[in-house]
There are 2 protein chains.
Amino acid sequence: MVTSKTSSANELNLNKSQIDLVAKCFAALGDPVRLQLLQLLSERGEICSCELEGPLNKSQPTISHHTKVLVESGLIVGEKRGKWMWWKLNGQTFDIVRRTLGNL
Amino acid sequence: MVTSKTSSANELNLNKSQIDLVAKCFAALGDPVRLQLLQLLSERGEICSCELEGPLNKSQPTISHHTKVLVESGLIVGEKRGKWMWWKLNGQTFDIVRRTLGNL
DNA sequence: TTTATATATTGACATATATCAATATATGTG
DNA sequence: CACATATATTGATATATGTCAATATATAAA
């Protein structure tokens, strides 16, 4: 039999700064516009800012604001190609968030 | 071969009101104090409000506020036993949130 | 019924957030 | 270079949120 040190029923207990990071992700996910944006992103794999104003029905500065929030949470990453910003999901961060949610 | 009607890479596409519901859950998850609270809840299975002030280091009204936010999102449910309020996680809501996150 | 205790509500305050118009910056094209 | 276009930033505004003191409500005990 393999012995293991388990502090509680759950394997991983988050410390304060880890909690803050994940909380920031959840907060970023906690807006309908950003959820729609992420859904579009997940459907297409990659999406340009210029393709978002239509479906999201928001002004250009508002779109820019939301992408910034998502970048700062680590949920998406951006790459500039010519005049266009292309966004894609950051799988690593999503994994962390999923794992956290899975342990609740 | 089984044919299936897939509108996109993802199976389920959320409509506006579904998005609002899930967004409300994520917003509820997007606070460090509430994440700590949920972690305690998940460790113990059930927890009383009176057991939260200590670990969370917040005032009684603040604890009450946070439990209310979690109830209104559907993430926890409460039951009054005598003078005490006992809280537990609502697995159904967590499943919906996990499924949504899994599809992104 | 009076008293003590657990929780909820109210009110106040400071901070955060979502939104857009106006403007700035960056990049490609003539 | 001058111009057009895609995105970012700034400033303003309205609304939402986290927090606690004070108070109200509910429940048990004496």
Side-chain angles (χ1 to χ4, degrees), chain A residues 16-17 19-41 44 46-88, chain B residues 16-17 19-41 44 46-90:
Chain A
K16 187 73 182 66
S17 67
I19 284 187
D20 286 344
L21 278 180
V22 180
K24 195 170 184 175
C25 287
F26 281 127
L29 290 163
D31 177 274
V33 175
R34 287 194 289 269
L35 275 185
Q36 273 188 262
L37 194 163
L38 292 171
Q39 194 164 265
L40 286 168
L41 238 182
R44 308 192 186 181
E46 202 171 48
I47 203 165
C48 169
S49 284
C50 58
E51 296 178 80
L52 291 169
E53 281 186 54
L56 300 184
N57 196 31
K58 295 292 173 209
S59 72
Q60 180 270 320
T62 297
I63 303 290
S64 184
H65 161 70
H66 285 302
T67 51
K68 188 178 189 178
V69 170
L70 289 168
V71 166
E72 286 171 346
S73 72
L75 287 168
I76 69 172
V77 289
E79 183 190 346
K80 190 156 196 174
R81 295 193 207 129
K83 288 189 291 189
W84 296 276
M85 273 302 289
W86 289 88
W87 307 101
K88 58 178 182 179
Chain B
K16 187 72 180 66
S17 67
I19 283 186
D20 285 344
L21 279 181
V22 180
K24 196 169 184 176
C25 288
F26 281 127
L29 290 163
D31 177 274
V33 175
R34 288 193 290 268
L35 276 186
Q36 273 188 263
L37 195 164
L38 292 171
Q39 194 164 265
L40 286 168
L41 239 182
R44 307 193 189 181
E46 202 171 47
I47 204 165
C48 171
S49 283
C50 58
E51 297 179 80
L52 291 169
E53 282 188 53
L56 300 184
N57 196 31
K58 295 290 175 215
S59 73
Q60 180 271 320
T62 297
I63 302 290
S64 183
H65 162 69
H66 285 302
T67 52
K68 189 177 188 179
V69 170
L70 290 168
V71 166
E72 285 171 347
S73 72
L75 287 169
I76 69 172
V77 290
E79 183 189 347
K80 189 156 195 173
R81 295 192 207 131
K83 289 188 292 189
W84 297 276
M85 276 301 290
W86 289 88
W87 307 102
K88 59 178 183 181
L89 300 180
N90 185 352

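By convention in this document, chain letters (A, B, ...) are assigned in the order of the sequence lines, proteins followed by strands, and residues within each chain are numbered from 1. Computed from heavy atoms alone, side chains included, the values below leave out hydrogens, waters and symmetry copies.
Note on B/Arg34: only backbone sugar-phosphate atoms sit closer than 4.0 angstrom, heavy atoms only; bases stay farther off.
Here D/dT9 presents its C1' atom at 13 Å from CD of A/Glu72, a figure rounded to the nearest Å. The distance from atom CH2 of A/Trp84 to atom P of C/dT29 is 7 Å, rounded to the nearest whole Å. Distance CD1 (A/Ile63) to C1' (D/dT9): 16 Å, rounded to an integer number of Å. We find that CD of B/Glu51 is positioned 18 Å from P of C/dT5, with the value rounded to whole Å. Following rounding to the nearest Å, A/Met85 (CE) and D/dT9 (P) show an atom-to-atom distance of 10 Å. Taking atom CG of A/Leu70 as the reference point, atom P of C/dT17 lies 13 Å away to the nearest angstrom. Put simply, NZ on A/Lys24 is 9 Å from P on C/dT17, counting in whole angstrom units. Taking atom CG of residue B/Leu52 and atom P of nucleotide C/dA8, one finds them 11 Å apart after rounding to whole Å.
Distance check: A/Ile47 CD1 to A/Trp84 CH2 gives 15.0 Å after rounding to the nearest 0.5 Å. Here A/Glu51 contributes atom CD and A/Glu46 contributes atom CD; the two are 9.5 Å apart, rounded to the nearest 0.5 Å. Of the inter-residue distances, the one linking B/Thr62 atom OG1 with B/Asn57 atom CG reads 10.5 Å to the nearest 0.5 angstrom. Rounding to the nearest 0.5 Å places CD of B/Gln39 at 7.5 Å from CD of B/Gln36.
Nearest heavy-atom pair, A/Leu29 versus A/Leu38, reported as atom, atom and distance to 0.1 Å: CD2-CD1, 3.4 Å. The shortest non-hydrogen separation linking A/Ile63 to A/Ser49 is CG2-O, 4.4 Å.
Checking the phosphate oxygens (OP1, OP2) of C/dT9, a side-chain nitrogen or oxygen of B/Lys68 falls inside 4.0 Å.
No side-chain donor-acceptor contact under 3.5 Å links A/Ser64 to the backbone of A/Gln60.
The nucleotide whose nearest atom lies closest to any side-chain atom of B/Lys83 is, among C/dA8, C/dA6, C/dT7, C/dA6. Side-chain atoms of B/Cys50 lie closest to C/dA6 of the nucleotides D/dA8, C/dA6, D/dA6.
None of B/Val71, B/Leu75, B/Leu40 except one satisfies the side-chain contact (heavy atoms from CB on, under 4.5 Å) rule with B/Trp87; the exception is B/Val71.
With the end axes of the helix from C/dT1-D/dA30 to C/dG30-D/dC1 each set by five pairs, the angle from one to the other reads 20° at 10° resolution.
Mapping A/Gly82 and B/Lys80 onto DNA chain C by nearest heavy atom places B/Lys80 at the nucleotide closer to the 5' end.
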Which atom pairs link the protein and nucleotides 19-25 of chain C when you take only N or O atoms and keep those under 3.5 Å?
unit_1: C/dT19; atom_1: OP1; unit_2: A/Lys58; atom_2: NZ; d: 3.4
unit_1: C/dT19; atom_1: OP2; unit_2: A/His66; atom_2: NE2; d: 2.4
unit_1: C/dC20; atom_1: OP2; unit_2: A/Ser59; atom_2: N; d: 3.1
unit_1: C/dC20; atom_1: OP2; unit_2: A/Ser59; atom_2: OG; d: 3.0
unit_1: C/dC20; atom_1: OP2; unit_2: A/Thr62; atom_2: OG1; d: 2.6

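Under a 4.0 Å N-O distance rule, the pair B/Asp20/B/Lys24 does not qualify as a salt bridge.
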